[in-house]
Each structure stands twice: as structure tokens, then as C-alpha cells.
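So the structure is just underneath, and the comments pick up after that.
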Amino acid sequence: ENWHWFLIPIAICLGSAFAYFYITPASYKVSSYVLIKPNSGTSMLGESAFGSNQKEQWVDVQNEIFKFKSGSVVRQVVDSLKLNIEIKVKDKGKTSMVSADSIPFQIQLIKTIPNIESPTYTLKIQNASVTIQDENNSYVGKYNMPVIINGDTIILSRQNAPIKSNEYEIQFHSLDATVSKYVGRTEISPVPKAGEGLLQETVKDEIPNRAKKFINLLVQTYDLANL
């Protein structure tokens with residue numbers, strides 16, 4: 001007689017699982033290998049792990065891992081790729097996350113309080129103008145002209161790329177919080193069986209191509225920091 005009471009929690013669990021997979025964006029892992037050269041702080045992608053001089057003294061691998069994941073190195077990568085700007089494109093009823101370099105405009109933000117997360121803005125772009133909406137207001141502006149919203153200044157610059165969609169959602173996150181997030185998303189570990197000084201670096205991201213760029217730029221930034 002009470003069989004329906006058993007179905008209720010099952011339905012709730014299935015509904016929760018469906019909502020989780022529908023709302024939560026997919027996450028991808030991209031990996032690469034870096035060989036730390038002996039007696040040098042520089043690194044090089046794709047170099048063989050087995051050098052001809054096996055008597056050279058290798059650097060402290062754990063120390064190099066610490067350098068890779070240091071906040072100063074990751075911050076430069078995050079800032080360069082504008083990872084603190086979350087961008088979603090609306091197209092044919094679907095919303096998907098995209099990287100800052102894949103949209104037909106550049107975004108410059110001057111925040112009054114840098115470490116405060118912004119609300120989500122809806123951008124409706126045209127060839128000559130842009131409309132920015134938050135929960136309460138709508139602002140119409142032109143490219144390369146500042147628009148002040150909630151005390152923050154937003155400047156959009158048109159790119160040569162064609163406009164594939166005219167509606168986007170944008171949210172500006174704290175740079176410090178974004179750096180901490182990507183430090184947690186980055187894994188650097190030695191590969192003992194492949195040779196001394198070889199590291200595997202892995203980063204997790206919602207966009208595979210952005211993860212590849214993150215890894216490449218992380219190595220370049222690490223190299224420059226060791227010159």
C-alpha cells in the first residue's frame with residue numbers, strides 16, 4: 001500500500017542527478033610533458049628525457065614543481081588569458097562557455113573594488129553598438145567607449161571576427177579567486193619511469209583548447225621566470 005513512498009526518494013535522486021549533469025559544465029583534462037634541464041632553471045617541451053650526459057646534476061624536481069604552481073606564475077597566465085572573465089554564448093536556445101579569444105570583441109574592465117565578483121551581465125551586440133543588461137538596468141553604448149555599470153567601467157572593442165551570435169553572458173570574477181582556482185586545477189608530477197627531471201603537467205578546464213593554451217603559456221612563463 002505504501003509503495004509510492006519508495007518511488008518519491010528515487011524520483012528526487014534521479015531529478016537531482018539530471019539537474020546536476022544539465023547545469024554543471026563539462027570538464028576536460030589536458031596533459032603535457034616538460035623536461036627540466038640539469039643545472040638550469042629552464043625547461044623545454046618535447047625534449048627527450050634521456051640525455052647523453054647521465055652524470056649531470058639534476059635540479060630539485062620538487063622545487064621546480066613548487067615554482068610551476070606558484071601564485072605569481074599562475075597569475076600571469078590567468079591574467080594573459082583573461083580567465084577571470086567567464087563568458088557564455090547563447091545560440092539557438094543553448095548556452096555554452098567560450099574563451100575570451102573566441103568572441104568577436106575584446107573586453108576591458110576597470111573595477112572599483114578589484115576582488116568583488118560582478119553580477120552576470122547580458123550583452124547584446126550589433127555591428128555598431130552594444131547593449132549591456134544586469135538584473136535591474138539596461139545600458140546602450142558604442143564600441144571603444146566606456147560604459148559605467150555598478151561603479152565598474154566596461155570597454156568593448158570590436159574584432160575582425162564575424163558575429164556568430166549576438167547575445168552573451170559575462171561575469172567578472174576576482175583575479176585572486178581565479179588564480180587560486182587554477183592553482184587547484186593544475187597538477188604537476190614527476191614521471192620516474194621516463195627519466196630523471198621529466199614532469200607531467202595536467203590542467204582541468206571547461207574548454208579543451210583553453211587548457212592547451214594554459215599549459216603552453218605556463219611553461220613559457222616558468223621559463224622566463226628562470227632566466
Side-chain angles (χ1 to χ4, degrees), residues 25 30 70-91 94-186 203-225:
V30 175
S70 66
S72 59
V73 171
V74 175
R75 177 180 291 270
Q76 292 183 59
V77 179
V78 167
D79 190 45
S80 178
L81 296 178
K82 299 184 183 299
L83 298 179
N84 61 313
I85 305 177
E86 183 177 325
I87 307 171
K88 295 180 180 179
V89 60
K90 291 185 175 181
D91 187 28
K94 295 182 179 181
T95 301
S96 56
M97 189 175 296
V98 295
S99 58
D101 60 357
S102 67
I103 56 178
F105 54 89
Q106 285 187 339
I107 306 171
Q108 181 182 356
L109 172 70
I110 304 173
K111 291 185 64 64
T112 305
I113 306 176
N115 286 324
I116 297 298
E117 186 176 89
S118 78
T120 299
Y121 296 112
T122 297
L123 271 61
K124 296 182 178 179
I125 64 172
Q126 304 296 331
N127 286 323
S129 63
V130 59
T131 301
I132 305 176
Q133 298 175 333
D134 61 11
E135 295 179 353
N136 303 311
N137 301 293
S138 179
Y139 309 83
V140 179
K142 295 183 178 181
Y143 294 107
N144 303 314
M145 297 295 292
V147 178
I148 300 176
I149 305 177
N150 300 318
D152 298 330
T153 302
I154 300 175
I155 303 174
L156 300 180
S157 304
R158 276 285 282 123
Q159 301 285 80
N160 292 327
I163 299 177
K164 297 181 180 180
S165 174
N166 66 347
E167 188 169 343
Y168 296 82
E169 287 184 357
I170 293 182
Q171 187 174 21
F172 302 97
H173 298 285
S174 159
L175 184 59
D176 290 342
T178 307
V179 170
S180 297
K181 179 176 76 172
Y182 275 90
V183 168
R185 288 182 169 192
T186 304
V203 66
K204 183 169 64 175
D205 196 87
E206 294 84 1
I207 306 172
N209 190 51
R210 188 170 67 181
K212 293 178 182 178
K213 291 181 179 179
F214 182 94
I215 284 182
N216 291 335
L217 191 53
L218 182 68
V219 173
Q220 294 174 23
T221 306
Y222 165 84
D223 280 339
L224 291 175

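Each residue takes its place number in the sequence, starting with 1.
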So do [Y] and [X] actually touch side chain to side chain, heavy atoms under 4.5 Å?
X      : Y      : answer
Met97  : Ile87  : no
Leu123 : Leu156 : yes
Val77  : Ser80  : no
Ile107 : Phe172 : yes
Asn216 : Lys213 : no
Leu81  : Ser99  : no
Ser96  : Lys88  : no

With Asn150 as partner, the option from Thr112, Ile116, Asp134 fulfilling side-chain contact (heavy atoms from CB on, under 4.5 Å) is Asp134
Per the side-chain contact (heavy atoms from CB on, under 4.5 Å) rule, which among Ile215, Asp101, Val98, Asp205 passes with Arg210? Asp205
Taking atom [atom1] of [X] and atom [atom2] of [Y], what is their separation to the nearest 0.5 Å?
X      : Y      : atom1 : atom2 : value
Ile170 : Ser118 : CD1   : OG    : 9.0 Å
Glu86  : Glu206 : CD    : CD    : 7.5 Å
Ile103 : Lys82  : CD1   : NZ    : 9.5 Å
Ser180 : Arg75  : OG    : CZ    : 8.5 Å
Ile132 : Ile154 : CD1   : CD1   : 4.5 Å

Looking only at heavy atoms, the pair that brings Ile125 and Pro104 closest together is CD1-CG, 4.0 Å
If you take all heavy atoms of Thr131 and Ser138, which pair is closest and at what distance? CG2-OG, 3.4 Å
For [Y], does its backbone N or O pair with a side-chain atom of [X] as donor and acceptor, under 3.5 Å?
X      : Y      : result
Gln171 : Ile85  : no
Arg158 : Tyr143 : no
Ser157 : Gln106 : no

For a ring pair (Phe, Tyr, Trp, His ring centres under 6.0 Å) check, start with the C-alpha distance between Phe105 and Tyr168, then their side-chain angles and the critical distance, and finish with the verdict. CA-CA 11 Å; Phe105 54 89; Tyr168 296 82; 5.3 Å; yes
Hydrogens and angles aside, do Tyr121 and Asp152 bring a side-chain donor and acceptor to less than 3.5 Å of each other? no
Is it the case that the side chains of Asn84 and Thr178 hold a donor-acceptor pair, with the cut-off being a distance below 3.5 Å and no angle test? no
More than 12 heavy atoms of other residues, nucleotides or ligands under 6.0 Å from NZ of Lys204: yes or no? no
Salt bridge Lys90-Glu167, side-chain N to carboxylate O under 4.0 Å: yes
Would you please test Ile155 and Val147 for side chain to side chain contact (heavy atoms under 4.5 Å, CB included) and show each step? CA-CA 6 Å; Ile155 303 174; Val147 178; over 6 Å; no
